[in-house]
Amino acid sequence: MQNGNILIVDDNKSVLTALEFLLTSERYNVRCLSNPNLILSTLKESLFDVVLLDMNFSAGINTGNEGIYWLRQINKNFPELSVVMITAYGDVELAVSALKSGASDFILKPWDNTKLKATVHSAMQLSRSRKEIKTLRTESREIKRNSNPTESRIIGTSPELIKVLKLVQKVAKTDTNILITGENGTGKELIAREIHRLSKRSNELMISVDMGAVSETLFESELFGHVKGAFTDAKETRTGKFELAGKGSLFLDEIGNLPLHLQSKLLAVLQNREVCKIGSNEPVAVDIRLICATNKNPDQMVLDGIFREDLLYRINTIQVEIPPLRQRGNDIILLGNYFLDKYTRKYDKPPIRLNSEAQEKIMSHNWPGNVRELEHTMEKAVILSDGRVLKAEDFYFRNNQTQNLISDNLNLEDMESRMIRMALEKNPGNISSAAEELGITRQTLYNKMKKLGIR
């Protein structure tokens, strides 16, 4: 099994022979060229991972300009390839110039076999990471193209939402770091995607990471990546989310869940704008637009000593607060109708509408789960509906009933009586269902009904 494909370009036949023998023994597939004019056509014919390129080809000329010229041609036409320059001992300044022009590394003649093999291995991993990123970006663009990404899916006309969208439009064109705050289910990721859509980076990837779902042991591997063999289960080199989001946006959801001891690692990356894969000492520059989100109060977390103040300053250049659904007025109806249309099409049902009583009921609900709760409620209503009109009785909100009971300042017995009557009204003639809804046994419900005089 081959470890990768290498093209060696050098006008010295003995150098080509020695390198070919050394790298073939490492199970690389090697091809050699002595004429640099054949480089581009050769790279077009076959897939290569790494190019070893001499700095000088013309006799008596040691400026390195020829090598720099062909390096730039390769980078221009095959940017995912890693190019390692070959230069004579004492020409380190030329090698540094090549690095500035886009070379991944250089080797000196005469070379040390061990160092050369390590250099080629690193270049091979870099090339594969670049190809992986290119593939994922291509797939992402195709997905975005098919899902019509030029259209916003944010629905609503309330003043509270319009205020948020105006702020989003102002900050989206910049590269400033943004912290989105709001209750669960308010649509923080949707706002993050809107910021990315309106940004200068919209043609690149937006990579999302749920910080609450990333285990502490995999944090660095997930965000920064690792090289093959870095730890027991590292069977392949992995590109981290920071590198994967290069030139695009990185969305760190639920940033407030990040443990304190890992916050310093994130802060270091944001300050230095570079990451090091686990198992590697080579820093990789990252160019990302950072968007974070949390359902917690970031200032309170700092006061409680569970979030670093310097990290908060770094991620919170602009804060966007998403209003809860209960503060968005008629947006509740607009969103409700949107979800009804979405799920009638999904479940192949005829159009369904809300009658006036149903609209009043959902408008009076507190929606603690916000837009997410509303969506699930409408999906359930569509699934269970038998007609084309949803009525008030088609919606049951447990927390609204509890709030109404409490607001009436009733004593415990009155509250218990009212809850039982509501359960019986909702389940007429079915004592078992009413008992199940109340969380008690059928016999207990009979006993309470007898005690409270409920028939």
Side-chain angles (χ1 to χ4, degrees), residues 4 6-12 15 19 33 36-40 42-43 48-58 60-112 115-134 137 175 200-201 204 224-225 227 237 239-240 242-248 268-277 280-289:
I6 299 175
L7 177 65
I8 307 174
V9 189
D10 198 302
D11 60 343
N12 187 322
V15 169
L19 286 174
L33 288 179
N37 294 315
L38 299 176
I39 290 176
L40 297 183
T42 302
L43 291 177
F48 289 92
D49 302 296
V50 175
V51 178
L52 300 185
L53 178 63
D54 193 20
M55 294 285 290
N56 299 290
F57 293 93
S58 299
I61 299 179
N62 297 304
T63 62
N65 290 336
E66 291 175 292
I68 296 293
Y69 169 79
W70 287 112
L71 167 65
R72 289 172 176 165
Q73 290 298 310
I74 295 170
N75 286 340
K76 177 182 177 181
N77 292 279
F78 305 94
E80 69 279 6
L81 293 184
S82 295
V83 182
V84 177
M85 306 303 294
I86 307 172
T87 186
Y89 181 77
D91 289 337
V92 175
E93 288 186 12
L94 288 179
V96 172
S97 177
L99 292 177
K100 292 179 179 178
S101 297
S104 62
D105 210 335
F106 66 90
I107 55 177
L108 296 174
K109 293 186 286 189
W111 58 78
D112 176 271
K115 290 181 179 179
L116 185 144
K117 287 187 286 186
T119 299
V120 170
H121 176 75
S122 295
M124 188 70 64
Q125 298 304 323
L126 176 61
S127 177
R128 287 172 177 167
S129 292
R130 288 173 176 172
K131 289 178 179 178
E132 178 186 352
I133 293 171
K134 180 182 178 182
R137 284 178 177 160
D175 260 352
K200 299 173 184 177
R201 299 170 180 260
E204 302 295 337
F224 312 147
V227 298
T237 294
T239 302
F242 268 91
E243 191 177 354
L244 194 59
K247 300 188 183 302
V269 170
L270 297 179
Q271 288 175 334
N272 300 327
R273 308 297 290 182
E274 62 184 25
V275 298
C276 271
K277 287 184 171 72
S280 171
N281 293 320
E282 298 179 13
V284 178
V286 292
D287 174 18
I288 55 111
R289 201 281 179 75

(message) Just verifying a value: how many Å separate Ile107 CD1 and Thr119 OG1, rounded to the nearest 0.5 Å?
(response) 7.0 Å
(request) Taking all non-hydrogen atoms of both residues into account, name the closest pair between Leu53 and Gly67 and its distance. (result) CD2-O, 3.6 Å
(request) Could you check Ile8 against Val15 for side-chain contact (heavy atoms from CB on, under 4.5 Å), going step by step and ending with a plain yes or no? (result) CA-CA 9 Å; Ile8 307 174; Val15 169; 5.7 Å; no
(request) Kindly determine whether Lys277 and Thr237 satisfy side-chain contact (heavy atoms from CB on, under 4.5 Å), including the steps that lead there. (result) CA-CA 9 Å; Lys277 287 184 171 72; Thr237 294; 4.1 Å; yes
(message) Rounded to the nearest 0.5 Å, what separates atom OG1 in Thr42 from atom CG in Leu7?
(response) 6.0 Å
(request) Supply the atom-to-atom distance Ile68 CD1 to Gln73 CD, rounded to the nearest 0.5 angstrom. (result) 12.5 Å
(request) Specify the closest pair of heavy atoms between Val50 and Val120, including all atoms of both residues, with the distance to one decimal. (result) CG2-O, 4.5 Å
(request) Please assess Leu43 against Asn77 for the test side-chain contact (heavy atoms from CB on, under 4.5 Å), listing each intermediate value before the final yes or no. (result) CA-CA 9 Å; Leu43 291 177; Asn77 292 279; over 6 Å; no
(message) For Asn281, is the CG atom crowded, meaning more than 12 foreign heavy atoms sit under 6.0 Å from it?
(response) no
(request) Please test Arg273 against Ile288 for side-chain contact (heavy atoms from CB on, under 4.5 Å), starting from the C-alpha separation and ending with a verdict. (result) CA-CA 9 Å; Arg273 308 297 290 182; Ile288 55 111; 4.2 Å; yes
(message) Contact between Arg130 and Pro79 at the side-chain level, heavy atoms closer than 4.5 Å - yes or no?
(response) no
(request) Taking only Lys NZ, Arg NE, NH1 and NH2, and the carboxylate oxygens of Asp or Glu, determine whether Asp287 and Arg201 approach each other closer than 4.0 Å. (result) yes
(message) Donor-acceptor check, side chain of Ser82 to backbone of Ser127, threshold 3.5 angstrom: yes or no?
(response) yes
(message) I want to check something: taking the side chain as every heavy atom from C-beta on, are Val284 and Phe224 in contact at a cut-off of under 4.5 Å?
(response) no
(message) Rounded to the nearest 0.5 Å, what separates atom CG in Asp10 from atom CG in Asp54?
(response) 4.0 Å
(message) Please give me the minimum heavy-atom distance between Val84 and Ser104, naming the atom from each residue.
(response) CG2-OG, 3.8 Å
(request) Would you confirm whether Ser129, through its side chain, and Gln125, through its main-chain N or O, come within 3.5 Å as a donor-acceptor pair? (result) yes
(message) Could you measure the distance from the CD atom of Glu204 to the CZ atom of Arg289? Nearest 0.5 Å is fine.
(response) 14.0 Å
(request) Measure across Trp70 and Asn37 and return the closest heavy-atom pair with its distance rounded to 0.1 Å. (result) CZ2-OD1, 3.4 Å
(message) Quick check on side chain to side chain contact (heavy atoms under 4.5 Å, CB included): which of Val83, Ile6, Val9 does Leu52 satisfy it with?
(response) Ile6
(request) Determine whether more than 12 heavy atoms belonging to other residues, nucleotides or ligands lie under 6.0 Å from atom NZ of Lys131. (result) yes
(message) As an exercise, state the distance from CG of Asp105 to OG of Ser122, rounded to the nearest 0.5 Å.
(response) 7.5 Å
